[in-house]
Colleague: 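Just dropping this structure here.
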Amino acid sequence: MNLVMLGPPGAGKGTQAALLAEKLGIPHVASGDLFREALKEQTELGLTAQSYMDRGELVPDEVTIAMVEERLARSDCDGGVILDGFPRTIEQAGALKGLLHDQEKVIDAAIFIDAAEDELVRRLSSRWTCRNCQAIYNVISNPPRVEGRCDICGGELYQRADDVPETVRNRILVYRQQTSPLIDYYRDEGLLVTIKSEGGIERVQQKILEALQIT
Ligand code: AMP
């Protein structure tokens with residue numbers, strides 16, 4: 001299965017994508033994680049992306065598409081992939097379709113996680129991420145068992161620099177202008193599955209599994 005996760009920042013895409021990837025036994029490929037890893041290693045890609053990420057802007061399409069293309073070419077994606085945070089523009093969506101087509105693959109569904117905008121800033125400002133395995137926690141609704149430590153790998157939890165309120169507001173604006181047109185794009189392709197981000201992590205996951213008819 002090749003799945004795309006869509007939705008505004010803070011809707012819970014990453015959390016749901018990770019659960020789904022585990023359930024289906026396929027990789028969770030998050031473009032933001034790929035950029036953050038490149039930045040940690042101080043590669044040219046990471047340094048290019050940094051200035052955009054710090055402002056909550058999108059990294060240019062050609063850079064992003066090349067990075068995701070390289071990741072999708074790895075053999076662990078042969079049996080399917082959950083894409084999280086990519087595509088984020090119509091151009092990226094077109095490139096993805098072409099890329100998969102070349103490998104005789106298709107997107108099976110685009111899961112749009114729909115969340116109320118006033119929830120997003122609140123959610124993101126209480127989000128903590130594992131520096132090691134990128135697992136996501138929310139200090140209010142989904143805290144780690146030990147403060148500041150990842151339940152899964154014991155790694156250190158940190159708050160992303162772009163989760164500060166001012167940058168979050170810009171990310172939401174960028175989402176509205178550049179990414180939300182993908183909702184209609186995937187609806188027109190007959191691939192859109194809309195899930196309301198309400199009722200907690202497990203309930204949302206259950207709604208996704210039901211919609212995809214995964215048991
Ligand atoms: P995320 O972890 O998905 O919230 O992404 C963090 C930041 O990485 C975004 O605010 C962008 O600066 C950059 N980024 C991630 N995915 C993309 C993408 N598909 N296109 C352009 N920029 C991206």
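Keep in mind it's a predicted model, so treat the numbers as computed, not measured. Indexing begins at 1, ligand by ligand and atom by atom, following the structure's order. Just so you know, these numbers use all the heavy atoms, side chains as well, and skip hydrogens, waters and symmetry mates.
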Colleague: Please indicate whether any nitrogen or oxygen in Glu57 is less than 3.5 Å from any nitrogen or oxygen in ligand 1.
Modeller: yes
Colleague: Main chain of Leu39, side chain of Gln42: is a donor-acceptor contact present, judged purely on distance under 3.5 Å?
Modeller: yes
Colleague: Just to confirm my output: which protein heavy-atom neighbour is closest to atom 16 (N) of ligand 1, and how far is it?
Modeller: Ser31 OG, 2.8 Å
Colleague: When only distance counts, is Asp162 in polar contact with ligand 1, meaning an N/O pair under 3.5 Å?
Modeller: no
Colleague: Check each of Lys13, Arg88, Arg55, Met67 against atom 1 (P) of ligand 1 and report the one with the nearest heavy atom.
Modeller: Arg88
Colleague: Does the side chain of Ile111 come within less than 4.5 Å of Gln16's, by heavy atoms?
Modeller: no
Colleague: Does Thr167 use its side chain to pair, donor to acceptor, with the backbone of Asp163 at less than 3.5 Å?
Modeller: no
Colleague: Under a heavy-atom criterion of less than 4.0 Å, does Arg36 contact ligand 1?
Modeller: yes
Colleague: Near Gln92, which atoms of ligand 1 are under 4.0 Å from a heavy atom of that residue?
Modeller: 18 (C), 19 (N), 20 (N), 21 (C)
Colleague: Would you mind reporting whether Tyr186 and Val193 have side-chain heavy atoms less than 4.5 Å apart?
Modeller: no
Colleague: I'd like to know if the side chain of Asn2 reaches the main chain of Asp108, judged simply by a donor and an acceptor atom lying under 3.5 Å from each other, with no hydrogens or angles considered.
Modeller: no
Colleague: Taking only Lys NZ, Arg NE, NH1 and NH2, and the carboxylate oxygens of Asp or Glu, determine whether Arg74 and Asp76 approach each other closer than 4.0 Å.
Modeller: no
Colleague: With a cut-off of under 6.0 Å to the ring centre and 45° to the axis, is Arg55 in cation-pi contact with Tyr52?
Modeller: yes
Colleague: Test your reading of the structure: does Val59 have an N or O sitting under 3.5 Å from an N or O of ligand 1?
Modeller: yes
Colleague: Which of the atoms in ligand 1, numbered in the order shown and given with their element, are less than 4.0 Å from a heavy-atom of Arg171?
Modeller: 4 (O)
Colleague: Where on Thr64 is there a heavy atom closer than 4.0 Å to ligand 1, on the side chain, on the backbone, on both, or on neither?
Modeller: side chain
Colleague: Could you tell me if any non-hydrogen atom of Arg160 lies under 4.0 Å from any atom of ligand 1?
Modeller: yes
Colleague: Give a yes or no on whether a salt bridge exists between Glu119 and Arg122, defined as a side-chain N under 4.0 angstrom from a carboxylate O.
Modeller: yes
Colleague: Can you tell me which residue and heavy atom of the protein come closest to atom 23 (C) of ligand 1, and the distance to 0.1 Å?
Modeller: Phe35 CE1, 3.7 Å
Colleague: Would you say Leu58 and ligand 1 have an N/O pair spaced under 3.5 Å apart?
Modeller: no
